[in-house]
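Working notes, beginning with the structure itself.
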Amino acid sequence: YGLTQSLHKFWRRANYVPVYMRQTSNDLTGEYTCVMLSELNAQDMAVQTREHWLDAFARDFHHRFGVLLSYAFKDFSVVLAMSILDAATAGRSAESLALQAATPYGRADLMRDFSGYDLKRLESYANNLLDYHVILDLLPTISQRYFDSSFGPSLSLSGVQACILLGLGLQRKSIDCVEKELHLPSRQILALFTKILRKFSNYFRNLETKALEQEFDAEKPAAVIASLKITATSNNGKRALTDDEAWDPTGKSLEDDLAEAGREVTDEFKLKQRELIDAMDLTQFTINQDNEGWTAAEEQIKKAAVKGVTVAQTVVSVKNPESSKRAKKEKSVAKELVKAEEAKAQKNSKKSKTSKKTVMSSTTDFADKSSLQRHANLRRCGFGRRHRHRHQRLGK
């Protein structure tokens, strides 16, 4: 039939598997001819067929169609191409998928497909250190291995992520083309693309780590290590060079060391808190045992016990007259009165000194004024002249 998205969806729901796709379109309709088959039950037929014969056709079509997506089928929409690949994968048998899963993608395959520099570039882009143009040459190989199910079920992508990888890796389209077909903004596509390659980078790194661990374990078998330990302990108690536990400088793990350091810091902090509390004046919080509040509190507890209320549920309060607000207020008032009396007495002493000085100065002024007035009167009466002549005669 002529391939359209609706027709392919119809035949796919009827469990038909694509096995052929013409690489040139029809001159009149512009459609590509597609052949899809469905496996029938041939148990009651005269001619018997090999079981799961359709699996070989589906695997071959799946691989060839994935490669041709960057050539003749580049104009296919991302959604249609993804649907065709899914239909081809659905035609594979369970035995074929189990056989492929039994031979997983290993470190040798990784070194064959990528170099150390390629893996480093991929890791740098996954850590947002490079632009996506730097790793575009790795996308076809990564996409082909993923859609051929070489990585196994341990590495899986969502539907949108698989469409983005197919469009950029297999069809080699630009970000703008994928944006128009998926109706997603370019920023979101680039963010999803970064998550995709981060998954592949982590998968490749785990492969290398597991391979190195296996090589290390193969070089040092457990039996050889055990024998070396036995000979080392019997040889005058000397440690063997291969005995990692004997040469371990730390007798405890990192978690225990961190826990011990944390306890030391906590104890030091508690000690500082205790010193700070001891340096404080806590006399204001003391409770007078002779206070009547204790008697009232005991009566309150007895009444609560009679009513059936436990002591833990009973809350009592004992007033301290020395630390109460009223006592503090009385003390502050007394201090203010004492200060006022001292200020008043000091003010009165200053006033008395000032009044004495004023009286003395006024008396002196008054005496001076009286003598001046007396001399003036004597001059008017002529007494001064006769008194002067008298003194002159007495002198002679």
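Being a predicted model, the structure only gives us computed values, none of them experimental.
The minimum heavy-atom distance between Glu181 and Lys173, with the atom names listed, is OE2-NZ, 2.5 Å. Residues Gly2 and Glu31 come closest through the heavy atom pair CA-OE1, 3.2 Å. Closest approach of Leu192 and Val160 over heavy atoms only: CD1-CG1, 3.8 Å. In terms of heavy atoms, Tyr125 sits closest to Leu130 at CD1-O, 3.3 Å. Nearest heavy atom pair, residue Lys199 against residue Ser156, reads NZ-O, 3.5 Å. Contact record, Phe114 with Leu119: CB-CD2, 4.0 Å, taken as the closest heavy-atom pair.
Side chains of Asn127 and Ser124: no donor on one and acceptor on the other come within 3.5 Å. Of the N and O atoms on the side chains of Tyr105 and Asp113, at least one donor lies less than 3.5 Å from an acceptor on the other residue.
Looking only at distances, no side-chain donor or acceptor of Ser201 sits under 3.5 Å from a matching main-chain atom of Leu197. Of the possible donor and acceptor atoms, none in the side chain of Asp60 sits under 3.5 Å from a partner among the backbone N and O of Ala56. Not one N or O on the side chain of Arg92 forms a donor-acceptor pair closer than 3.5 Å with the backbone of Asp55. Side-chain atoms of Asp148 never come within 3.5 Å of backbone atoms of Ser150 as a donor-acceptor pair (strictly under, hydrogens ignored). Gln171 contributes no side-chain N or O that, together with a main-chain N or O of Leu166, makes up a donor-acceptor pair within less than 3.5 Å.
Two different hydrophobic clusters hold Phe147 and Leu97 under the rule that ILVMFWY side chains link at heavy-atom gaps under 4.5 Å. Leu69 and Val17 fall into different hydrophobic clusters, defined by Ile, Leu, Val, Met, Phe, Trp and Tyr side-chain heavy atoms under 4.5 Å apart, directly or through other members.
Within 6.0 Å of atom CZ in Arg205, more than 12 heavy atoms from other residues, nucleotides or ligands are found, so the atom counts as buried in its surroundings.
The pair Lys180-Asp176 does not meet the salt-bridge criterion, since no charged nitrogen lies less than 4.0 angstrom from a carboxylate oxygen.
A ring-centre distance under 6.0 Å is not found for Tyr203 and Phe200. Residues Tyr20 and Phe61 place their aromatic rings such that the two centres sit no closer than 6.0 Å. Aromatic pair Phe151/Phe204: centroids less than 6.0 angstrom apart.
Between Leu3 and Thr33 there is no side-chain heavy-atom pair separated by less than 4.5 Å.
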Working for salt bridge (Lys or Arg N to Asp or Glu O under 4.0 Å), residues Lys270 and Asp267
CA-CA 5 Å; Lys270 289 181 178 179; Asp267 295 340; 5.2 Å; no

From CA spacing to verdict: salt bridge (Lys or Arg N to Asp or Glu O under 4.0 Å), Asp137, Arg121
CA-CA 11 Å; Asp137 58 309; Arg121 280 189 292 137; 3.1 Å; yes

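Note: Leu110 CG to Arg145 CZ = 11.0 Å, rounded to the nearest 0.5 Å.
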